[in-house]
Amino acid sequence: MEKRKDSRNSIKEKRAGYAFVLPAILFLLLLVLYPLTYNITMSFRDVTLKTFNAEQDFVGLKNYVDVLAMPVVRKAIFNTLFFTVVSLIFQFVTGFALALLFAKKYGLSELSRGLLMVCWLIPVLVFATIWKWIFAGDTSGILNYILIQLHVIKTPIRWLTTTNGAMTALIIANIWRGVPFNMLLLATGLTTLPMDVFEAAAIDGASKCQCFFRITIPLLKSTIISVITLGFINTFKVFDLIYVMTKGGPLDSTQILSTVSYKMSFSNFEFGQGAAVANIMLVLMLIVGFFHLKITDREGVE
Amino acid sequence: MDKTKKKNLVYNLITILILIVFLFPIYWMVITSLKTTGEIFAEVPTFFPKKITLNGYISQLSVVGTVPLWKNFANSLMIAAASTIVSTGLATLSAYGLARFRLKLSKPLLFIVLVTQMMPTVLFLSPLFITFKKLGILNTLLAPVIYISLQSIPFCIITMRPYFLEIPMELQEAATIDGCGRFKTFTKIMVPVSYPGIVVSAAFTFLWGWGDLMGALTFIQTDALQPLTVNMYKAIGEFGIEWNNLMAYAVILTIPVLIIFLFLQKYLISGITAGAVKA
């Protein structure tokens, strides 16, 4: 009798649990799965403005073959990876250096941790516009002015109007945005490390450098891994920054996969091709994503 | 001066230097917005305006197309507030369910949430555009709200779940003994106890809704329905290089962010780290 009541209770309990969980999940599933499958079916069909309201022919892999043959798409695959990896390295190293400093206890350490967050919170549109102005190519651009005053360069660099300059400018702006996030997570990780290990190492005569590589890094391993994978995911997602600062130009030199896909769909109205590019990007994303999930899973999601 | 004091002084000096580098763009935005057009294009740029003018702001408030600025402001506010209510509401329930009930599907459901969070949602703009068109909600404020919620719900669930996990079982049992039903336990006990997580989720969603550009730019065509971000984005082309006007606009968009930051700084920092590290 008792048992039966228990199991009835637990069924009720489960129902209640799902009632709490499911609304949000259904919302996500509907809005992710549907576009996802839509993108997949669209990528195998001839969907353009002409065929938009008509019968859309099944074209097999034609869209994929077509887009992969385009120099702009190949360039975009390279750019996406280049932009992500370079941003990631600099963000992480700078973020780590700042974290090591801010994890110490001194007058400005807490305050500055918070203040740097502002860089991360202001709308992307706002910070992209500010950087566009800082990078202005003539002498009115403050960065050129400062660099000339410091004798780093002699003539102003045309940041956003030359192919190499534009990519460099985007990466600098993106690093500026990413550093605070890296710093914050790593600084929090650092403050949770047990102090006695370091004290013991110091007594044993370990140098600062040894302490860092033999103790700090191994102890911080899980934080480091999650910072890097999260950084990858966030950088891979970057779109607005490039859309506002260069729109993929000049001469498509700063096109990444998401900007190419958006351009194909909403400027050229080649929805099938846009979807094919989106799917290529998603596959790249999923490869890294599964790596990330595997790690978070091992760290114990439950 | 003893050694630690000297060390502290060095640390503080380095920190000030770092802050100057990182906060310079924000300083430059404010300064530019207060300059006259002549001074902006002067041979030698000034780090502080010789003549402070509010013209950049006044021209924002007076012209800009046929739609008054307050209308765009109201749209931004509506989009941000609606996204916050939808996302935080749904995510609070879900995070609670995932944290406090023993469900067979907990793990796969959490997996779905994590995968969704990784998705570059920009890639969904074109299928959503087509879907919204069919549903007849294209060109309404609802479209960007759905788009923003799609990105913020996973973040909110992941951020709030650890807060619910930490609530001691005794508290829940005590509530049940006192005759609280499940939903009452949730609203009267669980929500008040874990409010820091809810505050963080709400604050971030609000900021994302406030700063959203692509959702509104893609789904809304009517000028009268556009938020401030789209208006400012269009002004980049329209004004050409009237940087003082543009930076005045940027300042207007940044003010709510600073207000939220000032009041919620502590929660925001702990929220980000809780969600990201514990996932």
Side-chain angles (χ1 to χ4, degrees), chain A residues 13-14 16-18 20-21 23-25 27-29 31-32 35 38-39 98 101 104 106-108 112 114-119 121-126 129-131 133-134 140 142 145 184-185 188 223 226 230 233 236-237 239-240 258 261-262 265 271 274 278 281-282 285 289 293 296 301, chain B residues 8 11-12 14-15 18-19 22-23 25-26 28-29 32 41 45 90-91 93-94 96-98 101 103 109-110 112 114-116 118-120 122-128 131 150 153 157 182 207 210-211 213-214 229 232-233 236 243 246 250 253-254 257 261 265 268-269 272-273 276-277 279:
Chain A
E13 181 81 5
K14 270 184 190 142
Y18 285 116
F20 277 109
V21 178
I25 305 278
F27 181 92
L28 290 182
L29 273 182
L31 283 158
V32 174
Y38 209 110
N39 259 350
L98 296 190
L101 177 67
K104 297 186 195 307
Y106 59 92
L108 288 170
S112 39
L115 275 177
L116 284 194
M117 276 263 296
V118 177
C119 304
L121 289 176
I122 59 171
V124 186
L125 169 69
V126 168
T129 316
I130 301 174
W131 279 101
W133 168 221
I134 291 176
S140 68
I142 193 68
Y145 176 76
L184 203 64
L185 294 190
T188 313
T223 311
S226 74
L230 277 175
I233 290 165
F236 213 71
K237 273 189 196 171
F239 176 86
D240 306 32
S258 51
S261 167
Y262 192 82
S265 298
F271 290 98
M281 188 174 167
L282 278 176
M285 175 86 254
L293 288 177
T296 26
V301 168
Chain B
N8 274 350
Y11 287 155
N12 280 328
I14 298 172
T15 306
I18 293 167
L19 286 179
F22 273 91
L23 298 179
I26 294 166
W28 198 233
M29 162 181 80
T32 307
F41 291 109
L90 287 174
L93 292 169
S94 196
Y96 173 67
L98 286 170
F101 291 87
L103 306 173
L109 291 178
L110 199 60
I112 292 172
L114 287 168
V115 173
T116 321
M118 296 184 326
M119 292 285 174
V122 174
L123 301 181
F124 297 164
L125 282 171
S126 79
L128 286 176
T131 316
L150 174 61
I153 286 178
I157 294 178
R182 278 192 193 88
L207 291 178
W210 179 260
L213 172 67
M214 292 323 293
T229 45
M232 178 178 158
Y233 175 75
I236 297 175
W243 289 107
L246 215 50
L253 264 168
T254 308
V257 179
F261 172 75
Q265 187 191 351
L268 293 180
I269 292 179
I272 296 175
T273 43
V277 179

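So you know, we letter chains A, B, ... as the sequences are listed, proteins then strands, and number each from 1.
With sequence neighbours left out, A:Tyr38 forms a side chain to side chain donor-acceptor pair (under 3.5 Å) with B:Lys134. Remark: A:Tyr106 engages B:Tyr11 in a ring pair (Phe, Tyr, Trp, His ring centres under 6.0 Å) (not counting sequence neighbours).
The two atoms that bring B:Met118 and A:Lys237 nearest to each other are O-CE, 3.6 Å, heavy atoms only. Closest approach of A:Leu282 to B:Phe124, counting heavy atoms only: CD1-CE2, 4.4 Å. When all heavy atoms of B:Asn12 and A:Leu108 are compared, the pair lying nearest together is OD1-N, 3.1 Å. Residues A:Thr129 and B:Trp243 approach most closely at O-CZ3, 3.8 Å, considering heavy atoms. Scanning all heavy atoms of the two residues, the minimum distance from A:Ala24 to B:Ala91 falls at CB-N, 4.5 Å. When all heavy atoms of B:Met232 and A:Val126 are compared, the pair lying nearest together is CE-CA, 4.4 Å.
B:Tyr233 has its side chain out of reach of A:Asp240: every pair of non-hydrogen atoms, C-beta onward, lies at least 4.5 Å apart. Looking only at side-chain heavy atoms (C-beta outward), B:Leu213 and A:Val124 stay at 4.5 Å or farther from each other. Counting heavy atoms from C-beta outward, A:Val21 and B:Leu93 have side chains that stay 4.5 Å or more apart. Taking the side chain as every heavy atom from C-beta outward, B:Thr131 and A:Pro35 never approach each other to under 4.5 Å. In this structure, B:Leu123 and A:Phe239 have side chains that are not in contact, with every pair of non-hydrogen atoms separated by 4.5 Å or more.
For A:Thr188, the part lying near chain B is the side chain, with the backbone staying farther off; criterion is any non-hydrogen pair under 4.5 Å. B:Ile112 touches chain A through its side chain: at least one heavy atom from C-beta onward sits under 4.5 Å away, while N, CA, C and O do not. Contacts of A:Leu115 with chain B are made by both backbone and side-chain atoms, with heavy-atom separations under 4.5 Å. At a 4.5 Å heavy-atom cutoff, the contact between B:Leu207 and chain A is made by side-chain atoms alone. Within the 4.5 angstrom heavy-atom criterion, only side-chain atoms of A:Leu101, from C-beta onward, approach chain B.
Distance check: A:Ile134 CD1 to B:Trp28 CH2 gives 8.5 Å after rounding to the nearest 0.5 Å. Atom CG of residue B:Leu268 and atom CG of residue A:Leu121 lie 6.0 Å apart, to the nearest 0.5 angstrom. In this structure, the separation between OG on A:Ser112 and CD1 on B:Ile14 is 11.5 Å, given to the nearest 0.5 Å. Of the inter-residue distances, the one linking B:Leu90 atom CG with A:Phe20 atom CZ reads 13.0 Å to the nearest 0.5 angstrom. Distance check, rounded to the nearest 0.5 Å: CG of B:Leu128 to CG of A:Leu31 gives 6.5 Å. Expressed to the nearest 0.5 Å, how far CD1 of A:Ile122 lies from CH2 of B:Trp210 amounts to 14.0 Å.
Among B:Ile157, B:Ile26, B:Leu109, the residue with the largest count of heavy-atom pairs under 4.5 Å with chain A is B:Leu109. For the set B:Asn8, B:Leu23, B:Leu103, the entry with the most heavy-atom pairs within less than 4.5 Å of chain A is B:Leu103. Among the candidates A:Gly114, A:Cys119, A:Ser258, the residue making the largest number of heavy-atom pairs closer than 4.5 Å to chain B is A:Gly114.
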